[in-house]
Structure formats: C-alpha cells, structure tokens
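Side chains included, hydrogens not; waters and symmetry mates left out as well; all remaining heavy atoms used. Remember, predicted model here, so these are calculated numbers, not experimental data.
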Amino acid sequence: PGRPTMSDTLVAPLEKSRDARTGCLKNVCLFLLSLSVLVPLGLVASAAVAGRPLTHQGMTQPLSGLNFALMRFARDFSRAKA
C-alpha cells in the first residue's frame, strides 16, 4: 500500500468521469420530472384562479395567446421576406 500502480492511475479518472455522467443524468432526469409535474399543475392553478373551466380548453387558454403571437410573427416574417 505504498505507491499507486499503473492500473490505479488509469482507472481513477474513468471512475470520476462515470460519476460525473451519473450525476448529470440524475440532474437532467430530475429536471424533466419536475417540469412534467410543475407545468400541468401551473396550468390547472391558473385556470382555477382565473375562473376558467378545468377542461382541456380552459387550462390551455393561456397558451393560445402564445400561438396567436407566433402566427402573427410568422405572417410578418413572410411579408418581410417578400
């Protein structure tokens, strides 16, 4: 147990990179899981506070404004191109 062997010095960086990848994968999975829970809860809460019905159309109504804005942007962009 004095000096590290050649295999110890080669394996140690691989284990560190594997630990870093595992940590990154856990963070990405946690982010996606929290996003998939928080976005629907936010839409339900938004509909409930605004007094909209808790149906698909009532909950996604805030997104229709975004759709309208994107359609208007696409129209203006195509006019600018022409």
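How far CG of Leu25 is from CG of Leu30: 11.0 Å, rounded to the nearest 0.5 Å. For the atom pair CD (Gln61) and OG1 (Thr55), the distance works out to 9.5 Å, reported to the nearest 0.5 Å.
In this structure Ser78 satisfies the side-chain contact (heavy atoms from CB on, under 4.5 Å) test with no other residue, sequence neighbours excluded. For Leu33, the side-chain contact (heavy atoms from CB on, under 4.5 Å) partners are Ser36, not counting sequence neighbours. With sequence neighbours left out, Thr60 forms a side chain to side chain donor-acceptor pair (under 3.5 Å) with no residue at all. Checked against side-chain contact (heavy atoms from CB on, under 4.5 Å), Pro62 has the following partners two or more places apart in sequence or in another chain: Ser46, Arg52. Under the rule for a side-chain contact (heavy atoms from CB on, under 4.5 Å), the partners of Val37 that lie at least two apart in sequence or sit in another chain are Leu41.
Residue Met59 comes nearest to Val44 through the heavy atom pair SD-CG2, 3.2 Å, listed as atom of the first residue, atom of the second, then distance. Summarising the geometry of Pro40 relative to Leu35, their closest heavy-atom pair is CD-O, 4.0 Å, with the distance given to 0.1 Å.
Applying the under-4.5 Å side-chain rule to Ile, Leu, Val, Met, Phe, Trp and Tyr, the cluster around Leu70 extends to Leu66.
Side-chain heavy atoms closer than 4.5 Å link hydrophobic residues (I, L, V, M, F, W, Y) into clusters, and following such links, even through other members, never connects Val39 to Leu63.
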